[in-house]
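Down below is the structure, laid out as C-alpha cells.
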Amino acid sequence: MANAVGLLAGYALDRVLGDPRRWHPVAGFGQAAGALERRLYRPDRTAGTAFTALAVGGPVLLGAVAAAATRHRPVTRAVLVAAGTWTVLGGRTLRHEATVMGRTLRDGDLPAARRRLGHLCGRDPSTLGESELARATVESVAENTSDAVVAPLLWGAVAGLPGLLGYRAANTLDAMVGHRSTRYARFGTPAARLDDALNLVPSRLTGLLTIAVAPVAHGDRQRAWQVWRRDRNDHPSPNAGQCEAAMAGALGVRLGGRNVYFGRSEVRPFLGDGPRPEARHLKRAARISGAVGLAAVGLAAAYPLTLGRLVGAASRRALIGAVGRRRPADAVGGRGLAGVAGGVGVRRGSGR
C-alpha cells in the first residue's frame with residue numbers, strides 16, 4: 001500500500017510541478033557518474049562493465065537500505081517513494097517541450113526551434129526544416145514516454161525504491177555513454193545493453209497503451225494497431241520502434257529517415273503511413289503521452305495491491321516449502337527440535 005500511494009503521489013507531483021528546477025538529484029548523479037567514468041575509463045567492455053555495475057549498484061543499494069529501514073513505517077516509505085518517483089519522472093517536462101516546439105514552429109521561428117531541439121534529443125538541428133524538426137520531436141516524445149514515464153513507474157511498482165533509482169541510473173548512463181561514438185563504442189556497450197534489457201517490457205507496454213489511448217488525440221486505434229504490428233521491429237533499437245510505430249499509427253504520420261548526430265548519420269526505416277509530421281501534430285503527440293502516463297500510473301499503483309501480492313505470496317510459499325524440505329535432514333535423528341526434547345526425556349527416564 002505504501003508503494004502504491006507513493007507512486008501516485010510522485011506522479012501527481014510531476015504532473016503539477018515538473019522536474020525540480022534546482023538541485024535535481026539526477027543531475028547530481030550524472031556529475032558523480034562522470035567523475036567515476038574519468039577514473040575507470042578504458043576503451044574496452046571490461047572497464048565499461050565495472051563502471052556500469054558501480055554506477056547502477058550504488059543507487060540500487062541506497063534504495064534497498066531505505067526500503068529495509070522503512071519496512072514497518074508505511075508513511076515514511078510512502079513519502080520516500082513519492083520523492084523518488086517525482087525525481088525520476090519527466091512526463092510534464094516532455095509534454096512541455098513538445099508544446100513549446102509546436103508553438104515555435106507554428107510561428108515560423110526555425111532558429112529558435114533548432115535551438116530548442118537540444119532539450120529533447122541529440123540530433124544536429126542546424127540544417128533541419130519544419131518537417132524534420134517536427135519528426136524529431138514526435139519520435140522523441142514517443143520514445144521518452146517509455147523511458148521517462150512508463151519504465152520508471154513499472155520498475156517502481158515491481159521493485160519499489162531500488163527499482164526506481166536503479167532504472168533511472170541505468171537510463172542516465174545510457175544517455176551519457178551508450179551512444180556509438182569513437183570513445184564509447186566499447187566502453188558504453190554494457191550500459192546500453194542494460195538499458196535495453198530494462199526497457200524491453202516497458203517499451204512494449206508503452207506501444208500498447210499508445211494504441212489504447214489514441215482516440216484522446218483523434219487517432220484511430222485500428223490503424224495504430226496495424227502499424228505497430230507491421231513496423232515495430234523494423235527499428236534498429238529493440239525498444240524505440242515499439243513506441244514510435246504506435247505513435248506513428250495513432251497520429252497517421254510517417255516517421256523514420258536520415259538522422260544526423262553531429263558528424264555521424266544514421267538512416268532509419270520508415271514507420272507508419274501518411275504525411276510527414278508537422279507542427280500541428282506535436283500537441284496531439286503530447287496529449288497521447290499524457291494519457292499513456294495516466295494509464296501507466298494506474299497500472300503501477302494497482303500492481304502492489306493485486307498481482308504483486310500474489311507474486312509475494314507465491315515466493316513466500318516457495319521459500320517455506322524449500323525450508324520444510326530441508327528440515328528433516330538438518331534435524332537430529334530426523335525428528336526436529338520436538339524429537340530432540342522427547343529423546344532427552346526418554347534417556348533421563350531410562351537412567352532412573
Side-chain angles (χ1 to χ4, degrees), residues 94-148 203 206-207 209-211 213-237 239-292:
L94 180 63
R95 296 190 300 275
H96 172 73
E97 291 298 329
T99 302
V100 171
M101 179 65 81
R103 184 168 60 245
T104 305
L105 289 177
R106 285 194 299 273
D107 292 342
D109 192 347
L110 285 182
R114 289 168 182 156
R115 291 192 298 270
R116 198 82 197 181
L117 187 64
H119 294 227
L120 285 166
C121 63
R123 299 181 197 179
D124 181 357
S126 59
T127 62
L128 300 184
E130 176 187 342
S131 178
E132 286 299 294
L133 289 166
R135 175 172 73 87
T137 302
V138 170
E139 291 173 354
S140 181
V141 168
E143 183 176 2
N144 283 296
T145 297
S146 176
D147 289 358
S203 64
T206 300
L209 291 177
T210 298
I211 295 166
V213 305
V216 304
H218 308 292
D220 185 333
R221 281 198 189 103
Q222 184 62 31
R223 179 179 59 195
W225 169 257
Q226 291 171 349
V227 170
W228 181 74
R229 291 192 64 190
R230 186 191 68 195
D231 297 344
R232 61 196 170 114
N233 294 319
D234 291 344
H235 199 285
S237 165
N239 299 316
Q242 305 289 329
C243 314
E244 292 180 17
M247 183 67 80
L251 296 178
V253 298
R254 172 179 281 190
L255 302 178
R258 182 172 178 266
N259 299 337
V260 178
Y261 299 92
F262 297 96
R264 178 175 56 88
S265 66
E266 297 180 5
V267 177
R268 304 282 175 81
F270 292 123
L271 307 175
D273 306 304
R276 300 300 258 174
E278 300 174 2
R280 60 190 175 90
H281 292 111
L282 303 190
K283 186 175 182 180
R284 294 174 61 200
R287 188 176 299 168
I288 288 174
S289 178
V292 168

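- With Arg135 contributing its side chain and Pro277 its backbone, the two residues share no donor-acceptor pair below 3.5 Å.
- Within the 3.5 Å criterion, the main-chain N or O of Ala136 finds no donor-acceptor partner in the side chain of Ser140.
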Can you list, pair by pair, the side-chain donor-acceptor contacts under 3.5 Å of residues 269-276, counting residues two or more places apart and other chains?
unit_1: Asp273; atom_1: OD1; unit_2: Arg230; atom_2: NH2; d: 3.1
unit_1: Asp273; atom_1: OD2; unit_2: Arg230; atom_2: NH1; d: 3.2
unit_1: Asp273; atom_1: OD2; unit_2: Arg230; atom_2: NH2; d: 3.2
unit_1: Arg276; atom_1: NH1; unit_2: Arg254; atom_2: O; d: 3.0
unit_1: Arg276; atom_1: NH1; unit_2: Gly256; atom_2: O; d: 3.1
unit_1: Arg276; atom_1: NH2; unit_2: Gly256; atom_2: O; d: 2.5

Inset, instruction - Please step through side chain to side chain contact (heavy atoms under 4.5 Å, CB included) for the pair Thr104 and Arg115, ending with a clear verdict. - result: CA-CA 11 Å; Thr104 305; Arg115 291 192 298 270; over 6 Å; no

Legend entry - Asn239 vs Ser146, side chain to side chain contact (heavy atoms under 4.5 Å, CB included): CA-CA, chis, key distance, verdict: CA-CA 9 Å; Asn239 299 316; Ser146 176; over 6 Å; no

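- For the pairing with Arg123, the side chain to side chain donor-acceptor pair (under 3.5 Å) check across Glu266, Glu132, Glu139 returns one residue only, Glu139.
- Contact between Ala285 and Val141 at its shortest, heavy atoms only, is O-CG1, 3.8 Å.
- Counting heavy atoms from C-beta on, the side chains of Arg284 and His281 come closer than 4.5 Å.
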Inset, instruction - Would you please test His96 and His119 for side chain to side chain contact (heavy atoms under 4.5 Å, CB included) and show each step? - result: CA-CA 11 Å; His96 172 73; His119 294 227; over 6 Å; no

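- For Thr137 (side chain) and Leu133 (main-chain N/O), a donor-acceptor pair under 3.5 Å exists by modelled atom type.
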Inset, instruction - Walk me through it: do Arg221 and Val213 pass the test side chain to side chain contact (heavy atoms under 4.5 Å, CB included)? - result: CA-CA 8 Å; Arg221 281 198 189 103; Val213 305; over 6 Å; no

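- At a threshold of 4.5 Å between non-hydrogen side-chain atoms, the residues Lys283 and Thr99 do not count as touching.
- Screening Ile288, Leu209, Val292 for a side-chain contact (heavy atoms from CB on, under 4.5 Å) with Thr145, the sole residue that qualifies is Val292.
- No side-chain heavy atom of Leu110 sits under 4.5 Å from any side-chain heavy atom of Leu128.
- In this structure, the salt bridge (Lys or Arg N to Asp or Glu O under 4.0 Å) partners of Arg116, at least two apart in sequence or on a different chain, are Glu97.
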